Amino acid sequence: MSGYGGDHLDFRGGEFKGPFTAKTEYREHAPAPSALDALPARAVGFTGREPELRELLDAFDPSEPGAVPEAVVVAAVSGLGGIGKTALAVEAGHEACGRGWFPGGVLFVDLHGYDKDPVVAEQALEALLRALGTEPEHIPAGEDARAAFYRSALAARARERGSVLILADNASSPAQVRPLLPGGAGHRLLVTSRDRLPQLGARLLALGELTPEEAYELLDRALRIARPADSRVADDPEEAARLAALCGHLPLALQIAAALLVVDPDKPVAELTAELAASRDPLGHLNDGERSVRAAFDLSYERLPLEQAHVLRLMALAPGPDASDEVVAALVGADTPPVQDLEALVRAHLVERGRESGRRWWRLHDLVRAFGVGVVSGDVGWVEEGEVARGRVLEFYYGWADAADDWLRWLPGMEMSGRFGGRGEALGWLDGERSGLVAAVGWAERERFADTAVRLAACLAVYLELRRYFDDWVVVGRAAVAAAGRFGDRTDEARAWGNLGNALRGAGRVEEAVEAHTRARDLFQAVGDRTDEAIAWNNFGLALREAGRVAEAIEAHTRARDLHQTIEDRHREAIAWNYLAIALVGAGRGAEAFEALTRARDLHQAVGNRHGEAVAWYNLATALARAGRVVEAVEGYGRALEVFREFEDWYGVGDLLHNLALVHEDAGRRTEARSCWFQAADAYTQAGDTAQADRARTRAEEQQEPPPTPPLTP
């Protein structure tokens, strides 16, 4: 017997001696089973993503206007690892099938694009052909042959049952996906990837983190699925919101956090939040034994080319929430930013790109930043490389902030560096870089950065006061005081105390401000710096006046004025006269205040300090209004208003218009008052003070209240 031949026995060539019996078994071969309902189960607790889900369903809806029945529609969902791409794609698949759009079924293939051994197109095609019911021995070899066979099988399926949805999950390149494109017949291909895949000609949907509301709902729903009575999230919504923020509103991190709460039903949300906030390694906490945020990011990082990985590591060390082109260039030690590498990281969803007011910025998700910092800390060479990069950023910031500060302090005769075209350009740069500048001053805690960071803090004082960012100013001031006390000289420390005192006064922390200015004054006296001692007396007087110690304030401003006169500093003498006048008004010494304000105005005018002169006019106008000299007061306010607007002193504009509105109200000119209130509201809005803006709008519409006595301004 020669053996088996197909479905029969072949006895040819056999030799038989005597009778024999042959036993046979007949089997009818049915078609191989198909796997056309292979869509994974919906993600438990799936929440949010309504706009994104609607966009996907609109793309696949065969009844959508403009849809071509025979056309292949491809949609690619991309986003950071752990952002919830697969969950959204699966949810969209179930919704579409539930609407009867894919009677031919659903094919699903995980391409493992970011594993060490990703699935190549040839392997994916074999899996899909098997799922379509193709016998293994009938599957041809080679990618091209399999792709052709796959398209034919899909066409046959369309004729028999209807169109098919193919979900290709976790793709890392167009080469993995392109051979999976169906040939037509209304089939749809849905791809998920950590990279944008514009080469596919697909409908692109980039997935961002959840909104705070969606993140809260995910946490609450996850706990209630495990235990319906678990109300820990609902009972402490503020801590739940804080936990969601620490998770970066990233679905994977939120799911892990929820799992950690589920396994410990007695643990309050606040306790887990505190653990994450205090941890030096938050990604280490975001691990439930099966899922890990760090592991998800590792898969993306390990695929990066060396230069892109290098840029990502340095980006993680940038100060502030984002980095401008110039900051990135400083980080990498180049004249220009590595745009090609940055754009590649954007496509990989490891970096975000944006533009605002002409400034292009690059940003890392908070957890990606934490991941990058962790990568750097694990290598001694990378740690030193990072410190050198931070030093370059700090020097860059100091050089440019110093030049911008010069414009804010400009007086006739001052030489400018040429880094900015004017005051407005300098302010615009400071506005764009504010968060990074404040964060960079925080590096002062390390000795190698202390000197430059303390000098940078001093350069930010006028700007932060002008824009009324008092909380930032307090942070900057405390960092400078601590660093100067540890690593600097006594003059640096005294100046840092003075700036901190001004910040505390602006923030309404008057008693702390008095203490800080006392420290500054005493230190300047000890080192014999009479110029700065005079400035310290002036600042000390302001704090004393706000503390209600008016007589002491008058004495302090008088000491400041006399010192400035002695050293012939007319610019600062004018400032001292202005402050002295305000204190005199508080003491009821109006005639002396008028004289002091006139001296301040004339001195500012003589030295060319237009903003200082405008402040003096403003205060003089307010004093005139109190004396009932309304016409002169309105004229004085008008002189000041023009300069305040020119200098973009929006809070000053708001206060001036507030006072001018009161003058008009008192004179019975309701129309003029209403106009001033509305203009004041606009100015306060530009200054970022929404509460004052709301009050001004209310006064514009309701003017029955008697006008309060207008205050003077320092």
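The structure presented is a predicted model; accordingly, all values stated were derived computationally and were not measured.
Looking only at distances, a side-chain donor or acceptor of His365 sits under 3.5 Å from a matching main-chain atom of Gly248. Without hydrogens or angle criteria, Thr192 side chain to Thr86 main chain gives no donor-acceptor distance under 3.5 Å. Side-chain atoms of Arg161 never come within 3.5 Å of backbone atoms of Arg159 as a donor-acceptor pair (strictly under, hydrogens ignored). With Glu214 contributing its side chain and Thr47 its backbone, the two residues share no donor-acceptor pair below 3.5 Å. Remark: side-chain polar atoms of Arg294 are not paired, donor with acceptor, to backbone N or O of Leu286 under 3.5 angstrom. Remark: the backbone N or O of Gly79 is paired with a side-chain donor or acceptor of Lys85 at under 3.5 angstrom. Checking side-chain atoms of His187 against main-chain N and O of Leu181 turns up no donor-acceptor pair under 3.5 Å. Of the possible donor and acceptor atoms, one in the side chain of Gln176 sits under 3.5 Å from a partner among the backbone N and O of Ser172. Judged by distance alone, the side chain of Arg151 and the main-chain N or O of Gly183 form no donor-acceptor pair under 3.5 Å. A side-chain donor-acceptor contact under 3.5 Å links Arg392 to the backbone of Leu331.
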Checklist entry - Between Arg303 and Asp195, is a salt bridge (Lys or Arg N to Asp or Glu O under 4.0 Å) present by the stated rule, with each step listed? => result CA-CA 11 Å; Arg303 284 182 52 84; Asp195 293 87; 5.5 Å; no

Checklist entry - Could you walk me through whether Tyr301 and Arg313 pass the side-chain hydrogen bond (donor to acceptor under 3.5 Å, both in side chains) check? => result CA-CA 10 Å; Tyr301 176 74; Arg313 289 195 302 271; 3.0 Å; yes

Next on the checklist: Please determine whether side chain to side chain contact (heavy atoms under 4.5 Å, CB included) holds for the pair Glu385 and Asp379, giving the CA-CA distance in whole Å, both sets of side-chain angles, and the decisive distance to 0.1 Å.
Outcome noted: CA-CA 10 Å; Glu385 177 188 58; Asp379 185 286; over 6 Å; no

Item to check | Criterion side chain to side chain contact (heavy atoms under 4.5 Å, CB included) on Trp362 and Val346, from CA distance to verdict | outcome: CA-CA 9 Å; Trp362 312 87; Val346 169; 3.8 Å; yes

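Here CG of Leu107 is found 11.0 Å from CZ of Phe102. Values are rounded to the nearest 0.5 Å. Rounding to the nearest 0.5 Å gives a distance of 10.5 Å between CG of Leu218 and OG1 of Thr211. We find the CG-CG distance between Leu364 and Leu345 to be 8.5 Å, quoted to the nearest 0.5 Å. Atom CG of residue Leu367 and atom NE2 of residue His249 lie 10.5 Å apart, to the nearest 0.5 angstrom. With rounding to the nearest 0.5 angstrom, the CD1 atom of Ile166 is 4.0 Å from the OH atom of Tyr150. Atom-to-atom distance recorded for Arg232:CZ and Arg227:CZ is 7.0 Å, nearest 0.5 angstrom.
Residues Glu55 and Arg203 are not paired through a salt bridge, judged by the lack of any N-O separation under 4.0 Å between the basic side chain and the carboxylate. Under a 4.0 Å N-O distance rule, the pair Arg390/Glu387 qualifies as a salt bridge. With salt bridges taken as basic N to acidic carboxylate O contacts below 4.0 Å, one links Arg130 and Glu126. A salt bridge does not link Asp472 with Arg467: none of the charged nitrogens is closer than 4.0 Å to a carboxylate oxygen.
More than 12 heavy atoms of other shown residues, nucleotides or ligands fall within 6.0 angstrom of atom CD in Glu275. Taking a 6.0 Å sphere around CG of Asp471, one finds it holds 12 or fewer heavy atoms contributed by other residues, nucleotides or ligands.
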Taking only distance into account, with no hydrogens and no angle test, what donor-acceptor pairs under 3.5 Å do side-chain atoms of residues 141-149 form with protein atoms, sequence neighbours excluded?
unit_1 : atom_1 : unit_2 : atom_2 : d
Arg146 : NE     : Pro140 : O      : 2.6
Arg146 : NH1    : Glu122 : O      : 3.0

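Applying the salt bridge (charged side-chain N to carboxylate O under 4.0 Å, His left out) definition to pairs two or more places apart or across chains, none involves residues 107-118. Legend: salt bridge (charged side-chain N to carboxylate O under 4.0 Å, His left out) pairs involving residues 92-108, not counting sequence neighbours, sorted by first then second residue: Arg42-Glu95, Glu95-Arg99.
With a 4.5 Å cut-off on side-chain heavy atoms, Leu246 and His285 do not count as touching.
Exactly one residue among Ser193, Ser78, Ser300 makes a side-chain hydrogen bond (donor to acceptor under 3.5 Å, both in side chains) with His349. That residue is Ser78. When each of Arg369, Arg359, Arg355 is checked for a salt bridge (Lys or Arg N to Asp or Glu O under 4.0 Å) with Asp322, only Arg359 meets the rule.
Counted by atom type alone, Thr273 and Arg242 present zero donor-acceptor pairs between their side chains at under 3.5 Å.
Closest non-hydrogen pair, Ala171 versus Leu197, comes out as CB-CD1, 4.5 Å. Residues Asp220 and Ala234 come closest through the heavy atom pair OD1-N, 4.0 Å.
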